[in-house]
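The analysis underlying the following values was restricted to heavy atoms, covering all of them including side chains, and did not include hydrogens, waters or symmetry mates. Chain A is the first sequence line, chain B the second, and so forth, proteins listed ahead of strands; every chain is numbered from 1.
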2 protein chains.
Amino acid sequence: MPDDAPRARRHDPQRRDRIIDACLDVVVAHGVAGTSHRKVAAAAGVPLGSMTYHFAGMDELLREAFTRFATAASDQFERRLGAARDAAEAKAAVVALITGDVLTTRRDLVLTSELYTLAAREPAFRDLTNRWMARSRAALERHFDPVTARMLDALIEGLTLHRALDTEPHDAATAAEAVERITRPAG
Amino acid sequence: MPDDAPRARRHDPQRRDRIIDACLDVVVAHGVAGTSHRKVAAAAGVPLGSMTYHFAGMDELLREAFTRFATAASDQFERRLGAARDAAEAKAAVVALITGDVLTTRRDLVLTSELYTLAAREPAFRDLTNRWMARSRAALERHFDPVTARMLDALIEGLTLHRALDTEPHDAATAAEAVERITRPAG
DNA sequence: CGCCCGGGTGTACGAGCGTACACATCCCGC
DNA sequence: GCGGGATGTGTACGCTCGTACACCCGGGCG
């Protein structure tokens, strides 16, 4: 019994996880439009039959994949904001999130867009984005009042999106100024 | 020679336009993922062969379709802002755009999302969104300084998106307050 | 009036897709 | 140690897709 590479395939508990991760990779590379059972299977290194065995269909697979993505993004967001000790640090953390390289990679931009596109059409994915937004707002509400939190959340969304899509670079000072303004109640 | 309905097909100059409009309808109904030459042809009431005759491929068709959509949206935006006579009216116009039913229909949400998804991956579509954003910013700069215009543009984006995706309704007052804050320079 | 030419169309082909299902393989209880 | 049930896989089918290409037909010129 030589220890070939493709051994111990049976009862591989990571199999399902690997498929989900591979699914996100395929979505980044080819878009939801170009994502198929075959491509994901190839990317994950599993046989085609495993797809239908582990998932009822592409919809279920996509739902789990984007759940994982949204959860990871929320975790990052909460961690960054949780580390802030006062409003000033919270604002700095928000600016860092907008201008930094955490949520602003090409991969994150693509996945977020694809998720919103799905959410725009299918309620199941809309629930996902709603939970994501709710967690963001809750994290912001640890430092700001609910109304400000909601505005700030929207501002973060818009600035991140525009910064990511724009070809010419934005400077961080504009983002900082915007955060400063939105968190300052009108007289 | 009875004047049947399917007459005068030859040399129909509106044919191309009808295909583009039908393409947008199909995208709304099935997403870019589910848009095919066959579905668009059926929706437009033209033979399948017309697709490859008028367009080099799906990419060209989608590019023209989304160009039309983005141009129409920009026109709306400019018209609304152009009618404002001072900064106060401009702010009111912005709030109306965010909370109104012009850019916030399901159709617009879906098309915008799909466009951003394409832009996130393909430079050709990114140019499209960049021109759209540039026109919006230019329209805003008629009433606000460039930095404020950029912030406001991002805020509009975020608020519109969050309002459209959120299941529970937002009140217009929050949008108005956010616009008020973002247009008020920090001391 | 008739020919011809080019714009427009119907069809057929090969590729890629999701899914069903017969079958191989392994593990556990006896 | 061996039979049988559960777990996982390979394959084949039916479908939709984009595209190429042979053909149709109406209008313009000789």
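In this structure, CG of B:Leu48 is placed 13 Å from P of C:dA12, rounded to the nearest angstrom. At whole-Å resolution of the value, CD in A:Glu60 and P in C:dT19 are 11 Å apart. Put simply, CD on B:Gln14 is 14 Å from P on C:dG8, counting in whole angstrom units. Look at NZ on A:Lys39: it is 12 Å from C1' on C:dA15, rounded to the nearest Å. In this entry the distance linking CG of A:Leu61 with P of C:dC17 reads 14 Å, nearest Å. Atom NE2 of A:His54 is separated from atom C1' of C:dG18 by 17 Å (rounded to the nearest Å). Per the geometry, CE belonging to B:Met51 stands 16 Å off C1' belonging to C:dT11, to the nearest Å. When the C1' atom of C:dT19 is taken as reference, atom CE of A:Met58 falls 14 Å away, rounded to whole Å.
Comparing C:dG8, D:dC17, D:dT19 by their closest approach to the side chain of B:Arg15 singles out C:dG8. The side chain of B:Tyr53 lies closest to C:dG8, out of C:dG10, C:dT11, C:dG8.
Both B:Ser36 and A:Thr52 lie close to DNA chain D; mapped to their nearest nucleotides by heavy-atom distance, the more 5′-ward contact belongs to A:Thr52.
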May I have the list of side-chain donor-acceptor pairs in residues 136-144 of chain A shorter than 3.5 Å, sequence neighbours left out?
residue: A:Ser136; atom: OG; partner: A:Trp132; partner atom: O; Å: 3.2
residue: A:Arg137; atom: NH2; partner: B:Asp166; partner atom: OD2; Å: 3.4
residue: A:His143; atom: NE2; partner: A:Leu81; partner atom: O; Å: 3.0

Scan the side chains in residues 37-46 of chain B for donor-acceptor partners under 3.5 Å anywhere in the protein, sequence neighbours excluded, and list what turns up.
residue: B:Lys39; atom: NZ; partner: B:Gly34; partner atom: O; Å: 2.8

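Using a 4.0 Å cut-off, no side-chain N or O of B:Ser50 falls inside it from OP1 or OP2 of C:dG8. For A:His37 and C:dC17, the shortest distance from a side-chain N or O to OP1 or OP2 is not below 4.0 Å. Look at B:Arg16 and you won't find any side-chain N or O under 4.0 angstrom from OP1 or OP2 of C:dG7.
Donor-acceptor pairing under 3.5 Å is lacking for the side chains of A:Tyr116 and B:Glu114. A:Arg181 and B:Thr148 share a side-chain donor-acceptor pair at under 3.5 Å.
For A:Glu122 and A:Arg126, the salt-bridge test fails: no basic side-chain N is under 4.0 Å from an acidic carboxylate O.
Between the side chain of A:Arg38 and the base of C:dG18, a donor-acceptor pair under 3.5 Å is found.
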